[in-house]
Every structure is written in C-alpha cells, then in structure tokens.
Participant: 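Have a look at the structure that comes next, please.
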Amino acid sequence: MRDALAALAVEPLPERVDLERPARKEHGDWSSNVALATAKKAGRNPRELASQLVDHLNADLPPHVERVEIAGPGFVNFHLAPTWLHDVLSDVVTLGTEGFARSDAGVGHTVNVEFVSANPTGPVHAGHARGAAYGDSVARLLERCGYGVTREFYINDRGVQMQNFGASLAARKKGEEPPEDGYKGQYVTDWAAEMPDDADPVAWGEDRALADQREALAAFNVHFDVWYKELALVDSGAIEETLDELREKGHVFDDDGATWLRSTEFGDDKDRVLVKSDGELTYLAPDIAYHRDKFSRAERLINVWGADHHGYVPRMKAAMQALGHDAGELEVAIVQLVELLKDGEPVKISKRSGNLIELRDIVDEVGADAARLTYLLQSIDSRQTVDLAVVASQGMENPVYYVQMAHARIHGITRKAAEAGFERAPLNTVDLSLLTHERELDVLRSLSELPETVLSACNDRAPHRVTTWVRELAGAFHGFYHDCYVVGEGVSPELTQARLWLVESARVGLAIGLDLLGVSAPEQL
RNA sequence: GCCCUCGUAGCUCAGUCGGAUAGAGCGACCGCCUCCUAAGCGGUAGGCCACAGGUUCGAUUCCUGUCGGGGGCACCA
C-alpha cells in the first residue's frame, strides 16, 4: 500500500496505513480509508487518488486478493479469495486451542491483577461477583497475550471491622445478639456454632471467612495466586518504610497533629491524612504500602474496584506518583454496579440486617458458567441488570444457552459422524477448497477475527468483546448447521471430510473464547 | 456544588484508531422439520444514536454545555 502510494508520488506519505474490517460484506474483507486520509495533505482529489491506487494494486495483486475496488467517497476495498479462509481454517486447527489467537505482546512483562478483595468478615456476596468474573477474565486475556500474571486478593484484616466481627461471633456463641455495629447475618450464627470454646473469635473468624470465600470463588472458577494479609504488611514494617520514603521525597507534611500526604501535588482534590492525630493510621497509609509492595513484584498493577470506590482513584494514583511511578502504571478498572432481579423484582440487599445474596447462592441457582458469561456480556462501564430467573432459564432470552447449544451441536455432529463411520482424515489429505458455501465462509470469517479480538480485548481490558465474538461465532455456526449437513445422503465423503474440519475449527474457536471467559461448555445439553 | 460513569430499536445491549445504507439478541408479525437437537434457521416491522453547539472532507465516536439515570465526594474501613 505504501509502495503504491509512493509510486503515485503522494507527498507526504502517511505515517500509517490503516486496514479495517468493513461492517458490510459488500465492502470486501479489508478496507482502507488511506486515500481519504491523505488526499488533502497531498493536495489531491480523494476519489481520483483512490482510483489510481486501485489501478496500481490491481496490476499486481497480492496473494489471496481476488480484486481491489474503489467505493464511496474514496475507500479502497480488498476482496479476498476463499482460499484465504481455507488457510485460516488450517491455521486454527493446526495451532489449536493452545496456539491460535495467542499473542506475544506481553512477553517479558509482568502484571498484577488485584480483584474481589472482600473483607474477611463474611462470605463473598453478589456485589463482588461481576468484579470477580471481570478480573479473572482480564487475567486470562493477559496470559494469552504473553504477560506474566499474578491474581491477587487483598485481605483487609486490620481495623475496627475485625473487632466488630469477632465480637459478633462471640455474642452469637453465647446466644446473644451482636453489638449495634456488629454483623447480623445468619452466617455469623452458623459459624459461631462451629467455633471452638478456646478460639480467639477474631483470628478464628478471619480464617473461617477466608476458607468460605476461597471455596465460593473456586466454585465460580476463580483462583488466586496470592492472598495478601494486611496484618502481614503491618508486621513487615513496610508501612513505616513507605511513610519514611514519602517523607524523604518531600511529599508529606504535619498539620493539626496529623501526618498528611500532599496528594494535591499530583492532581488530587485535597491532601489526605496518613496518620490521624490520635496516632492511628488511616486506611490509606497501609494501602499505599501495599501498592508499593505490589510494584516490587510487578511492573504494572490493575485494580478492579466497584463504582462505589471510584472516588479513591485520584489519591491512590497520586500516592503512586509520589513514590515515583507513572500514573499509568497503576490502572484502576471501575466496575459499575449490578442490579439483581429475581423474576423482574429487585432483590433488596441490606448489609445492616445481613440479608445479602451470596456468590454461592448465585452459582447454586444458575451455575458458574451461566453466571460468568452473563457478567461478561457487557462493558463494565455500564450499569448491569441481571435477572437470575433469566440467567437460569433454558430459553432464547438467555445468550448462555445459545452459545452452549452451538458447542453441544459440534459434539453432536462429531458423534453422528463417528456412528456413520467417519473419522477425520489427516488435514493434508482433505480438499478444503470444497468449502465454498456462504455459511461455511461466514464461520471462517468469524474465526479469522479472533486473534485481533483477543488482542484488543486484552489491551483495552475489555473481556466483553470476547463474549460478543463468541456469540457471533455461535450464530455463524448455527447458520452453517442449518444449511450445511456434514453427514447425509446428498453430501459426498470428500465434503464430509472438509466440513468435519470446519466443525473442528469452530470447536477450537469456541473453546478459546469460552476459556478466556472462564466458561466451560457442555458437550450435551 | 464538585468528580466519575452511562444515555443507541418496545426491552437488554454491541459498535476498536472518527468513515460508507448505525448492528445483535429478545419481544411482535410472517415463513421453514422425512435427514447431525426446531433449545434452531430465514424474512418483515421497529432509530432525531438524550439535546444544543464546536472541531473535521466526514461525528454514535473527539471537545464544550444542558437534561436525565447510577455512583462518589471523611483525621470511616
């Protein structure tokens, strides 16, 4: 393309030539707006330039390109031959679930993804679920793109809430009501009944809560590499070190008997207290020390926070800058809140009464796969409404079912083919050029987009794009399934073989996509 | 009051670096099973991309403002 532009004496040459996938099939497989983008600077007419460009390219077509056309105000559209898609099929099945749609963009780089980080005072609840699905999926995307990834859970086990929790357990054990600002959920009573007489309610309660959280998250297919206790941070002396470092660097001052971080220096609204006038630490001081520790273990940090915490972003970023990091090295993904419905009725959750929906309840009710795919259906930037009855339903209003159906059909075909005596022949003995049906090509077009989808989803921390892609592939496959029989009277053995490989390629694509979402798919529904 | 975020079909939402006639699913309506699961497929209807300016050859996309929904503005964790 650049050569063609140079040959046409375009001056100045564009820095980059963008190719994009047109939204409409008639516009070809690839399209470039380069004539539009450069015409003005070069003092040429866009349409005319595009036309010359097309002539030049058509004179010597690159491999797989069937023809190049001019369209609209000056777009240059490339129409590819089906052979291109047959090569895609070969790539997919040769590279397989391990190798296809993998990127080395992050090789040699480390990222720490911290998410969930629920307080160790009770079970993981519905409010954590979306962030859990999101954080784990982002970690999966990063891994697929070559990054060294740590999944980390921060345990907030220092502070008054632990005393309240311990006191609540102790009270329940004695058959009394918890204190006014204590924890009133049913689980406190249940756990108190398990608690040995000689146990320290605070320490025992923390372990009990963590065990419960770990189990519920595992059932949600989320596993952490590091569970980091705030108390360990306190014991390590890291907080004092951090305060000293900030003071040395001149970002700390004393006022009103308290110690302050001059966070306004780095864009925060106001300066923040690190040590209160009574000598106690605020939550912020250990948090800074914790992030400092994470930076000693990874180049880049991603925090997944609920929308109710977004106000803390500027001060954390300011603190990291005070420690000498670039603001961009700490990313905070803000996950908008989920409104939970049950049969269209809002589920009221009240922390005060302890009346909350546990993650475990959701998994029990709809299954981990359905729950995860549902949470990853939409961008985290939009508020989500989840109706548990819909997620659990086995109907069309449920995208989970649509996707799982495609996967089950793939295995249905494989089973049926085996019954009819068909095993896949080696790929190099199969004539893929028989795959010319528009439905077949649609499946392959969809597969051809997976590598770029994965990379962009990774770079933009947007796993929902994978979900969208998986739904599209499932749609293309359902169309193929309907119109193209793999095994049947009117199908030649050669075509059966080619289609068996097509089915396999769809299976690989679906497997990759679903794995990135942390969703398994049944072979049968 | 200030900050973050969202506003796209009746509903739930996609829409990448600004591109062509704005997409999908559900719901509505009309079709399609002698064969791998009809839990599916095809078609029709349905849009002032909240509104008003600006930048641009070109804006759903970028900028400013207005309106509306959600969240946040502690020497609380």
Side-chain angles (χ1 to χ4, degrees), chain A residues 16 18 20-24 26-27 31 33 36-37 39-40 46 71-75 77 119 121 156 158-162 164 230 255-260 269-270 272-284 286-287 306-314 334 336-337 339 377-387 390 393-399 401-402 404-406 408-417 419-420 439 452-453 455-457 459-460 462 464-465 467-469 471-472 475 478-491 496 499 503 524-525:
Chain A
R16 43 189 288 182
D18 290 333
E20 60 174 26
R21 306 273 191 156
R24 307 174 64 86
E26 311 87 88
H27 295 143
S31 171
N33 64 353
L36 291 164
K40 195 183 183 195
F75 290 98
N77 295 338
N119 277 345
T121 55
N156 234 298
R158 183 198 71 94
V160 286
Q161 83 275 8
M162 293 310 294
N164 291 340
E230 183 173 355
D255 192 28
D256 283 343
T259 304
W260 297 69
D269 291 344
K270 50 185 92 164
R272 307 290 172 177
V273 173
L274 296 171
V275 184
K276 295 189 253 179
S277 50
D278 63 3
E280 284 290 311
L281 297 171
T282 61
Y283 72 94
L284 184 60
D287 241 19
D308 51 343
H309 287 92
H310 80 261
Y312 303 116
V313 175
I334 298 298
Q336 296 298 316
L337 302 180
E339 186 182 13
L377 229 33
Q378 285 134 36
S379 154
I380 55 165
D381 290 336
S382 32
R383 196 155 173 271
Q384 190 179 31
T385 306
V386 170
D387 190 325
V390 171
S393 72
Q394 308 198 342
M396 317 259 279
E397 68 280 6
N398 187 357
Y401 235 76
Y402 188 82
Q404 289 186 325
M405 185 62 196
R409 282 183 151 177
I410 286 171
H411 285 86
I413 289 172
T414 309
R415 279 194 300 272
K416 193 75 184 181
E419 281 166 25
R439 298 294 211 175
E452 58 199 272
T453 299
L455 187 58
S456 93
N459 288 337
D460 297 341
H464 74 279
R465 285 192 200 145
T467 316
T468 302
W469 180 86
R471 295 173 72 184
E472 278 168 7
H478 284 309
F480 162 78
Y481 181 91
H482 185 262
D483 286 358
C484 303
Y485 279 81
V486 174
V487 183
E489 284 175 31
V491 185
T496 293
R499 286 182 172 167
V503 169
Q524 243 171 320
L525 294 186

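Just so it is clear: chains get the letters A, B, ... in the order the sequence lines come, proteins before strands, and each one is counted from 1. From a predicted model like this one, the values you see are computed outputs, not experimental measurements.
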Participant: Can you tell which of C36(B), A74(B), G71(B) lies closest to the side chain of Arg272(A)?
Facilitator: A74(B)
Participant: Between C1' on G15(B) and CG on Leu377(A), what's the gap in Å once rounded to a whole number?
Facilitator: 15 Å
Participant: With no angle test and no hydrogens, is the base of G71(B) tied to the side chain of His310(A) by a donor-acceptor pair under 3.5 Å?
Facilitator: yes
Participant: Could you spell out the base pairing of RNA chain B in dot-bracket, with Watson-Crick or G-U pairs whose two distances are under 3.5 Å, [ ] crossing and | to another strand?
Facilitator: (((((((..((((.....[...)))).(((((.......))))).....(((((..]....))))))))))))....
Participant: Could you tell me the separation between the CD atom of Glu419(A) and the C1' atom of C36(B), rounded to a whole number of Å?
Facilitator: 9 Å
Participant: How far does CG of Asn156(A) sit from OH of Tyr283(A), to the nearest 0.5 angstrom?
Facilitator: 11.0 Å
Participant: Is C73(B) in the syn or the anti form, by the rule that syn lies within 90° of 0?
Facilitator: anti
Participant: Using the C1' atom in both, what is the distance from U44(B) to U60(B), to the nearest Å?
Facilitator: 26 Å
Participant: Check every atom of C36(B), C13(B), A77(B) against the side chain of Val486(A) and return the nucleotide holding the closest atom.
Facilitator: C36(B)
Participant: Can you tell me if Arg439(A) and His482(A) form a side-chain donor-acceptor pair at under 3.5 Å?
Facilitator: no
Participant: Pick the nucleotide of RNA chain B nearest each of Arg415(A) and Ile380(A); which residue has the one closer to the 5' end?
Facilitator: Ile380(A)
Participant: So, under a plain 3.5 Å distance rule, would you say the side chain of Ser31(A) forms a donor-acceptor pair with the base of A20(B)?
Facilitator: yes
Participant: Within the structure, does a side-chain N or O atom of Lys270(A) lie under 4.0 Å from either OP1 or OP2 of C75(B)?
Facilitator: no
Participant: Measure from the side-chain heavy atoms of Asn156(A) and tell me the nearest of C75(B), U16(B), A77(B).
Facilitator: A77(B)
Participant: Output the distance between atom NE2 (His478(A)) and atom OH (Tyr402(A)), rounded to the nearest 0.5 Å.
Facilitator: 4.5 Å
Participant: Under 4.0 Å, counting only non-hydrogen atoms across every strand here, what does Ala307(A) touch: a base, just sugar-phosphate, or nothing?
Facilitator: sugar-phosphate
Participant: Phe75(A) stacking on A20(B): centroids under 5.5 Å, ring planes under 30°?
Facilitator: yes
Participant: Side chain of Asp381(A) only, please: which of C36(B), C41(B), U5(B) is the nearest?
Facilitator: U5(B)
Participant: Check every atom of C75(B), C36(B), U37(B) against the side chain of Val487(A) and return the nucleotide holding the closest atom.
Facilitator: C36(B)
Participant: Quick check for you: among C41(B), A20(B), A14(B), whose closest atom lies nearest to any side-chain atom of Ser379(A)?
Facilitator: A14(B)
Participant: Can you tell me if the side-chain N/O atoms of Arg158(A) get under 4.0 Å from OP1 or OP2 in C76(B)?
Facilitator: no
Participant: Please check the phosphate of U37(B) (OP1 and OP2 only) for any side-chain N or O of Lys416(A) closer than 4.0 Å.
Facilitator: no
Participant: Measuring only the C1' atom in each nucleotide, how far is G7(B) from U12(B)? A whole number of Å is fine.
Facilitator: 14 Å
Participant: Closest to the Asn33(A) side chain: A77(B), C13(B), G19(B)?
Facilitator: G19(B)
Participant: Given the P atoms of C11(B) and G53(B), what is the spacing between them in whole Å?
Facilitator: 26 Å
Participant: Kindly point out which of G70(B), G42(B), C75(B) is positioned nearest to the side chain of Gln336(A)?
Facilitator: G70(B)
Participant: Between A45(B) and A20(B), how far is it from one C1' atom to the other, in whole Å?
Facilitator: 25 Å
Participant: Does any N or O donor sit under 3.5 Å from an N or O acceptor when you compare the side chain of Tyr312(A) with the base of C76(B)?
Facilitator: yes
Participant: Of the nucleotides A20(B), A14(B), U5(B), which has the atom closest to the His464(A) side chain?
Facilitator: A14(B)
Participant: Kindly say if Ser382(A) contacts the phosphate of A14(B), meaning a side-chain N or O under 4.0 Å from OP1 or OP2.
Facilitator: yes
Participant: Are Tyr401(A) and A39(B) stacked, counting the six-membered base ring, centres under 5.5 Å, planes under 30°?
Facilitator: yes
Participant: Taking atom types as they are modelled, would you say the side chain of Ser277(A) forms a donor-acceptor pair with the base of C75(B) within the 3.5 Å cutoff?
Facilitator: yes
Participant: Give me the distance, rounded to whole Å, that separates C29(B) from G68(B) when you measure between the P atoms they each carry.
Facilitator: 37 Å
Participant: Using a heavy-atom cut-off of under 4.0 Å over every strand shown, decide if Asp256(A) touches base, sugar-phosphate, or nothing.
Facilitator: base
Participant: Separation of Asp387(A) atom CG from C11(B) atom P, in whole Å?
Facilitator: 16 Å
Participant: So what does Gly412(A) hit on the nucleic acid, given a heavy-atom distance under 4.0 Å: a base, only sugar-phosphate, or nothing?
Facilitator: sugar-phosphate
Participant: Using O4'-C1'-N9-C4 for purines and O4'-C1'-N1-C2 for pyrimidines, with syn meaning within 90° of 0, is C17(B) syn or anti?
Facilitator: syn
Participant: Roughly how far apart, to the nearest Å, are G25(B) and A9(B) at atom C1'?
Facilitator: 12 Å
Participant: Out of C75(B), G15(B), C41(B), which nucleotide sits closest to the side chain of Val273(A)?
Facilitator: C75(B)
Participant: Examine the base of G72(B) for any acceptor or donor lying under 3.5 Å from a partner atom in the side chain of Asp308(A), and report the outcome as yes or no.
Facilitator: no
Participant: Classify the nucleic acid contact of Asp287(A) as base, sugar-phosphate or nothing, counting any heavy atom under 4.0 Å across all strands shown.
Facilitator: nothing
Participant: Side chain of Trp260(A), backbone of Asp255(A): donor and acceptor closer than 3.5 Å?
Facilitator: yes
Participant: The criterion is side-chain contact (heavy atoms from CB on, under 4.5 Å); which residues satisfy it with Asp269(A), sequence neighbours excluded?
Facilitator: Arg272(A)
Participant: For Val275(A) and Tyr485(A), find the nucleotide of RNA chain B closest to each by heavy atoms; which residue's nucleotide sits nearer the 5' end?
Facilitator: Tyr485(A)
Participant: Has the side chain of Asn164(A) got a donor or acceptor atom sitting under 3.5 Å from an opposite partner on the base of A77(B)?
Facilitator: no
Participant: Could you tell me how far U56(B) sits from A50(B) if I compare only their P atoms? Round to whole Å.
Facilitator: 23 Å
Participant: Please measure how far the C1' atom in G58(B) lies from the corresponding atom in A22(B), and state the result in whole Å.
Facilitator: 15 Å
Participant: With rounding to the nearest 0.5 Å, note down the distance linking CE in Met405(A) to CG in Asn398(A).
Facilitator: 13.5 Å
